[in-house]
Peer 1: 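There's a structure below that I have some questions on.
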Amino acid sequence: MENCIFCKIAERKIPANILFENEEMLVFRDVNPVAPEHFLFIPKRHIESMDIISGEDSSLIGRILKKLSEFANENGYNKKGYRIVNNMGEDGGQTVFHLHFHLLAGRQFSWPPG
Ligand code: AMP
């Protein structure tokens with residue numbers, strides 16, 4: 001997708017601190033972290049948001065969340081816990097319209113979120 005910053009990261013047209021990649025997903029550090037550990041899990045294929053999920057997308061999302069769980073365990077974030085965030089649309093606070101899941105770890109998070 002033209003002008004999508006995460007598509008450009010997936011295509012290696014702009015740099016990112018990439019931790020994991022396979023044929024369908026990418027994991028990289030958020031450039032503006034809001035926690036000591038802040039990663040983004042994205043499908044390589046452009047999906048705008050959780051608002052538009054096909055049957056095919058749902059199994060891909062399942063695999064992305066499985067990878068997130070494995071990644072968190074490998075790095076020990078499961079010991080104290082972590083937070084998964086998906087922001088959808090304007091009220092949800094979405095700023096990049098390419099589906100992504102935030103993995104936040106390394107501090108205690110409050111509830112409800114702001
Ligand atoms: P959201 O507000 O949920 O759409 O999250 C978008 C996230 O993408 C924000 O946390 C940004 O800091 C992050 N972000 C934007 N541009 C980049 C980039 N080039 N590399 C890494 N993270 C980015």
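Order of listing sets the numbers, starting from 1, for every ligand and every atom in it.
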Peer 1: For atom 16 (N) of ligand 1, which protein heavy atom lies nearest, and how many Å away is it?
Peer 2: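 I find the closest protein heavy atom is I5 CD1, 3.9 Å.
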Peer 1: Can you see which heavy atom on A10 is nearest to which on L26, and at what distance?
Peer 2: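 A10 and L26 have their closest heavy atoms at CA-CD2, 3.6 Å.
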Peer 1: Tell me if a side-chain donor or acceptor on Q94 pairs with a main-chain N or O of G89 at a distance below 3.5 Å.
Peer 2: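 Such a contact is found between Q94 side chain and G89 backbone.
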Peer 1: Give a yes/no on ligand 1: does I9 have at least one heavy atom closer than 4.0 angstrom to it?
Peer 2: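 Heavy atoms of I9 do come under 4.0 Å of ligand 1.
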Peer 1: Give the residue and atom name of whichever protein heavy atom lies nearest to atom 1 (P) of ligand 1, and the separation in Å to one decimal.
Peer 2: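 The protein heavy atom lying closest is H100 NE2, 3.1 Å.
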Peer 1: Is ligand 1 under 4.0 Å from a heavy atom in the side chain of R29, in the backbone, in both, or in neither?
Peer 2: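 It is the backbone that touches ligand 1; the side chain stays farther off.
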Peer 1: For the CG atom on D91, are there more than 12 heavy atoms of other groups (residues, nucleotides or ligands in this structure) within a distance under 6.0 Å?
Peer 2: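 Check fails, neighbour count at 12 or below.
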Peer 1: Just by distance, do the side chain of H98 and the backbone of P43 share a donor-acceptor pair under 3.5 Å?
Peer 2: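 Yes, H98 side chain to P43 backbone: donor-acceptor pair under 3.5 Å.
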Peer 1: Side chain, backbone, both or neither: which part of N86 has a heavy atom under 4.0 Å from ligand 1?
Peer 2: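 Neither part.
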Peer 1: Short N/O distance, under 3.5 Å, between V31 and ligand 1?
Peer 2: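 By distance alone, the answer is yes.
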Peer 1: To the nearest 0.1 Å, how far is atom 10 (O) of ligand 1 from its closest protein heavy atom, and which atom is that?
Peer 2: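 Nearest neighbour among protein heavy atoms for atom 10 (O) of ligand 1, to 0.1 Å: D30 OD2, 2.5 Å.
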Peer 1: Could you tell me how the ring of F6 sits relative to the ring of H100: parallel (under 30°), tilted (30 to 60°) or perpendicular (over 60°)?
Peer 2: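 Ring orientation of F6 relative to H100: perpendicular.
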Peer 1: Of the options K67, E70, E74, which is the one that meets F20 in a side chain to side chain contact (heavy atoms under 4.5 Å, CB included)?
Peer 2: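 Between F20 and the candidates, side chain to side chain contact (heavy atoms under 4.5 Å, CB included) is satisfied uniquely by K67.
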Peer 1: Just distances here: any N/O of F6 and N/O of ligand 1 closer than 3.5 Å?
Peer 2: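 F6 vs ligand 1: no N/O contact under 3.5 Å.
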Peer 1: Measuring centre to centre across the rings, with the benzene-like ring taken for any Trp, is Y82 within less than 6.0 Å of F71?
Peer 2: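 They do not qualify: ring centres at least 6.0 Å apart.
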Peer 1: Are any of the N/O atoms on Q94, whether in the backbone or the side chain, positioned under 3.5 angstrom from an N/O atom of ligand 1?
Peer 2: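 No - when backbone and side-chain N and O of Q94 are compared with those of ligand 1, no distance drops under 3.5 Å.
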Peer 1: Does G93 have a non-hydrogen atom less than 4.0 Å from ligand 1?
Peer 2: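 Yes; G93 lies near enough to ligand 1 that a heavy-atom distance drops under 4.0 Å.
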Peer 1: Which heavy atom of L103 sits nearest to which heavy atom of A72, and what is that distance?
Peer 2: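 Nearest heavy atoms, L103 then A72: CD2-CB, 4.4 Å.
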Peer 1: Check this for me - ligand 1, H38, N or O atoms closer than 3.5 angstrom, yes or no?
Peer 2: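 For ligand 1, there is no N or O atom that lies under 3.5 Å from one belonging to H38.
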Peer 1: For ligand 1, does F97 get within less than 4.0 Å through its side chain, its backbone, both, or neither, judged by non-hydrogen atoms?
Peer 2: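 F97 to ligand 1: no contact under 4.0 Å from either part.
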Peer 1: Which atoms from ligand 1 have a heavy atom of H102 less than 4.0 Å away?
Peer 2: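 By the 4.0 Å cutoff, the relevant atoms are 1 (P), 3 (O), 5 (O), 7 (C), 10 (O).
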Peer 1: To check you understand the geometry: which heavy-atom pair defines the closest contact between R29 and P36, and what is its length?
Peer 2: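 Smallest heavy-atom distance, with atoms named: NH1-O, 4.5 Å.
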Peer 1: Check for a donor-acceptor pair, side chain of N22 on one end and backbone N or O of M25 on the other, with a separation under 3.5 Å.
Peer 2: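 Yes, the answer is positive, given that a donor and an acceptor are paired below the 3.5 Å cut-off.
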Peer 1: Around atom 2 (O) of ligand 1, find the nearest protein heavy atom and jot down its residue, atom name and distance.
Peer 2: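 Atom 2 (O) of ligand 1 sits closest to the protein heavy atom T95 OG1, 2.8 Å.
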Peer 1: Should you measure from each heavy atom of N87, which atoms of ligand 1 turn up under 4.0 Å away?
Peer 2: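 Those of ligand 1 that fall under 4.0 Å from N87 are 1 (P), 2 (O), 3 (O).
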Peer 1: Would you mind running through ligand 1 and noting each atom that sits below 4.0 Å from a heavy atom of N32?
Peer 2: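 So the answer, numbered in order with elements, is 12 (O).
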Peer 1: Give the atoms of ligand 1, by number and element, whose distance to some non-hydrogen atom of L40 is under 4.0 Å.
Peer 2: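 So the atoms of ligand 1 that pass are 8 (O), 13 (C), 22 (N).
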Peer 1: Considering non-hydrogen atoms only, spot the tightest contact between C7 and H46 and give its length.
Peer 2: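 Scanning both residues completely, I find the closest heavy atoms to be SG-ND1, 3.4 Å.
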